[in-house]
Amino acid sequence: MSFNGKHLSLEDRKIIEENINKGLRKFETAKELNKSQSTIGKEIKNNRKRRYSQVEDSPRKCKHYNECKVCIGMCSNFEEVPCFRRDKFVGACNSCPEIRSCRKTKYFYYANIAQKNYEYSLKDARQGVNLNTTELFELAHTICPLIKQGQSIYTILQNHKEITQCEKTIYTYIEMGLFKDWGITNLDLRRKVKRKINGRNKLKKRSESADYTGRKYDDYVEFVKNNPTYATTEMDTVYNHQEGPYIQTFIFENTGFMIGRLKQHKTSEEMSESLNYFQELLEDEMYKKLFGLLLTDRGPEFAKPELFEVNTETGEIRGNIFYCDAQMPSQKPHVENNHEFIRDIILKKKDMSALTQDKIDLMFSHINSVPRKSLGGKTPYEAFDFFYGKEPLEKFNIQKIKEDEVTLQPYLLNL
């Protein structure tokens, strides 16, 4: 059979929509229009529109459901159970008899919308932008306010399933200046930091002033190998001036969840007081789960390991602390990378004297409400809640921030 090479017309697309509504297979439509089946398949797939519904918020069954011992929902390995009617036979969900009860992602094909997409693609392809004016306005009014709040493109797309463009396309549009009228340029995007070492500022080896015997990074690796049930918590310090104040940060590696404590002095005695506070705040079992294994750098504020491992008031051994090799921040990458969120809110050289613990808790509430690729689109708040429950979240004074209210800008704290 020979097929005509003409583009699909509006009438052709109306026939496609009508046949989908009848539940006819793609090969039947192809035969009627004298087109190849692949042409009809591509037409439907490229122009069908997702319709988001609340039903999708209910647990959707994963293709690997029976293989997993523990299901945490939309994880990085999530694959939806296939729908042969939607994807293989018919191509869309129009007039599906199971549409009301179905929890799968729903796609619908409409001839008029498909024709408009075709016409705009012919016109806009020459300009490199596959958007019409209305679509640009809708997209801009959704993403521009959120970018100004400090949210990344990835975060916005995770929270707004109605946006059909991919992350790379949105970045390209911003680079092209499409959102200038809304006050957004590439300078407003969250920065991508590259650590750079130039010849004039070479790193100097720090003198070994503390005894790290049995607590070096190699010892940490061996400990984790022999104790696989322990979850690592990375610890660090953030500050803008040597005289303080300081934020002592903790990130729980398995969830990406971070908290912080405000400190006025950069000493081991004051930093270890945070562990005394957490030990009083939490049940013994929960404390050991969260703080039983600490990994930090060789800063002077952490140089007295016995203060972190032993409760000085009771004499109880409460955990283990290990230290990265000198000048090797890459050995605790989670806390280092997460500090970038802090630096979006508390700029370097900014006076931090007005900081309070409540402001720090507010900041981390927003940071922990940002979806992460490493968590399959979930937020650290959601991951922590799944593993440990809401009780420690409440005790840490960390709240879940609504998707479109997440702010990663300096005005959040009014410093």
Side-chain angles (χ1 to χ4, degrees), residues 50 52-54 56-58 73-74 137-165 167 170-171 173-174 179 181-185 187-191 238 247 249 251-252 255-260 262 337-347 350 352 354-386 388-415:
R50 177 178 177 178
Y52 184 78
S53 68
Q54 294 298 324
E56 290 183 36
D57 289 334
S58 304
M74 296 285 283
F137 269 72
E138 290 177 352
L139 183 60
H141 280 91
T142 300
I143 71 171
C144 291
L146 300 177
I147 292 174
K148 289 179 180 179
Q149 288 174 205
Q151 294 193 24
S152 69
I153 301 303
Y154 174 79
T155 299
I156 296 169
L157 294 183
Q158 283 297 311
N159 294 332
H160 287 270
K161 304 298 184 183
E162 73 275 11
I163 298 177
T164 58
Q165 290 81 10
E167 187 175 356
I170 300 295
Y171 276 115
Y173 288 169
I174 294 173
F179 303 112
D181 291 342
W182 290 271
I184 294 297
T185 67
L187 297 178
D188 297 286
L189 298 176
R190 291 202 56 218
R191 62 190 178 278
V238 174
I247 304 174
T249 57
I251 188 168
F252 308 104
T255 63
F257 186 85
M258 180 178 264
I259 57 175
L262 180 63
N337 292 335
N338 225 54
H339 282 174
E340 290 303 318
F341 288 104
I342 298 175
R343 286 309 182 188
D344 285 326
I345 300 170
I346 303 177
L347 303 179
K350 183 71 177 179
M352 293 169 54
L355 265 182
T356 64
Q357 185 60 49
D358 283 341
K359 287 186 176 182
I360 290 175
D361 294 341
L362 173 64
M363 175 178 69
F364 283 115
S365 292
H366 283 257
I367 290 173
N368 287 318
S369 297
V370 177
R372 310 293 164 82
K373 288 183 180 179
S374 60
L375 298 174
K378 297 292 184 182
T379 66
Y381 183 99
E382 292 169 323
F384 188 93
D385 183 16
F386 174 80
Y388 304 112
K390 282 196 165 47
E391 185 176 348
L393 288 167
E394 293 172 355
K395 290 183 176 180
F396 288 148
N397 195 30
I398 301 298
Q399 312 296 320
K400 184 177 181 179
I401 306 300
K402 292 181 180 178
E403 297 167 351
D404 290 351
E405 294 179 8
V406 172
T407 301
L408 301 175
Q409 293 283 23
Y411 66 78
L412 174 68
L413 302 183
N414 294 319
L415 292 181

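None of the values given here were measured: they were computed from a predicted structure.
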*Asks:* Do Asn159 and Gln151 have side chains that approach each other closer than 4.5 Å (heavy atoms only, starting at C-beta)?
*Replies:*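 Result yes, sub-4.5 Å side-chain heavy-atom pair found.
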*Asks:* How far does CD1 of Ile398 sit from CE of Met258, to the nearest 0.5 angstrom?
*Replies:*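 Going from CD1 on Ile398 over to CE on Met258, the span is 11.0 Å.
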*Asks:* Mind checking side-chain hydrogen bond (donor to acceptor under 3.5 Å, both in side chains) for Lys390 and listing every partner two or more places apart, or none if nothing turns up?
*Replies:*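 Once residues adjacent in sequence are excluded, the partners of Lys390 under the side-chain hydrogen bond (donor to acceptor under 3.5 Å, both in side chains) criterion are Asp385.
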*Asks:* Would a 4.5 Å heavy-atom cut-off, applied to side chains only, mark Lys400 and Glu382 as touching?
*Replies:*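 Side-chain contact under 4.5 Å: yes.
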*Asks:* Taking side chain to side chain contact (heavy atoms under 4.5 Å, CB included) as the criterion, tell me which of Thr155, Val370, Leu146 meets it with Val406.
*Replies:*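 With Val406 as partner, side chain to side chain contact (heavy atoms under 4.5 Å, CB included) holds for just one option, Val370.
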*Asks:* Under a 4.5 Å cut-off applied to non-hydrogen side-chain atoms, are Ile367 and Asp344 in contact?
*Replies:* no
*Asks:* Quick check: do Ile143 and Ile184 have side-chain heavy atoms less than 4.5 Å from each other?
*Replies:*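 No, side chains not in contact.
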*Asks:* If I compare all heavy atoms of Gly183 with all of Lys148, which pair ends up nearest, and what's the gap?
*Replies:*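 Closest pair (atom of Gly183, atom of Lys148, distance): O-CE, 4.1 Å.
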*Asks:* Shortest non-hydrogen contact from Ser365 to Asn397?
*Replies:*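 Here Ser365 and Asn397 meet closest at OG-O, 4.0 Å.
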*Asks:* If you take all heavy atoms of Leu412 and Thr407, which pair is closest and at what distance?
*Replies:* CD2-O, 3.6 Å
*Asks:* Any ring pair (Phe, Tyr, Trp, His ring centres under 6.0 Å) involving residues 364-384? Give me the pairs, sequence neighbours left out, ordered by first then second residue.
*Replies:*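 Matches after skipping sequence neighbours: Phe252-Phe384, Phe257-Phe384, Phe384-Tyr388.
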*Asks:* When you measure from the side chain of Asn368 to the backbone N and O of Thr379, does any donor-acceptor pair fall under 3.5 Å?
*Replies:*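 No, Asn368 side chain to Thr379 backbone: no donor-acceptor pair under 3.5 Å.
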*Asks:* A quick test of your reading: do over 12 heavy atoms of other residues, nucleotides or ligands sit less than 6.0 Å from CD of Gln357?
*Replies:*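 Count over threshold, so yes.
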*Asks:* Taking the side chain as C-beta and beyond, is there a heavy-atom pair between Thr164 and Arg50 under 4.5 Å?
*Replies:*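 The answer is no, as the side chains (C-beta and beyond) never meet within the 4.5 Å cut-off.
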*Asks:* Any side-chain heavy atom of Phe341 within less than 4.5 Å of one from Met363?
*Replies:*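 Heavy-atom side-chain distance check fails, nothing below 4.5 Å.
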*Asks:* Tell me whether Glu167 contacts the main-chain N or O of Ile153 through its side chain, where contact means a donor paired with an acceptor under 3.5 Å.
*Replies:* no
*Asks:* Output yes when a side-chain donor or acceptor of Glu403 lies under 3.5 Å from a complementary backbone atom of His160, and no otherwise.
*Replies:* no
*Asks:* Can you find a heavy atom in the side chain of Ile345 that is under 4.5 Å from one in the side chain of Pro410?
*Replies:* no
*Asks:* Please list all pairs passing the salt bridge (charged side-chain N to carboxylate O under 4.0 Å, His left out) test where one or both residues lie in residues 357-372, with sequence neighbours left out.
*Replies:* none
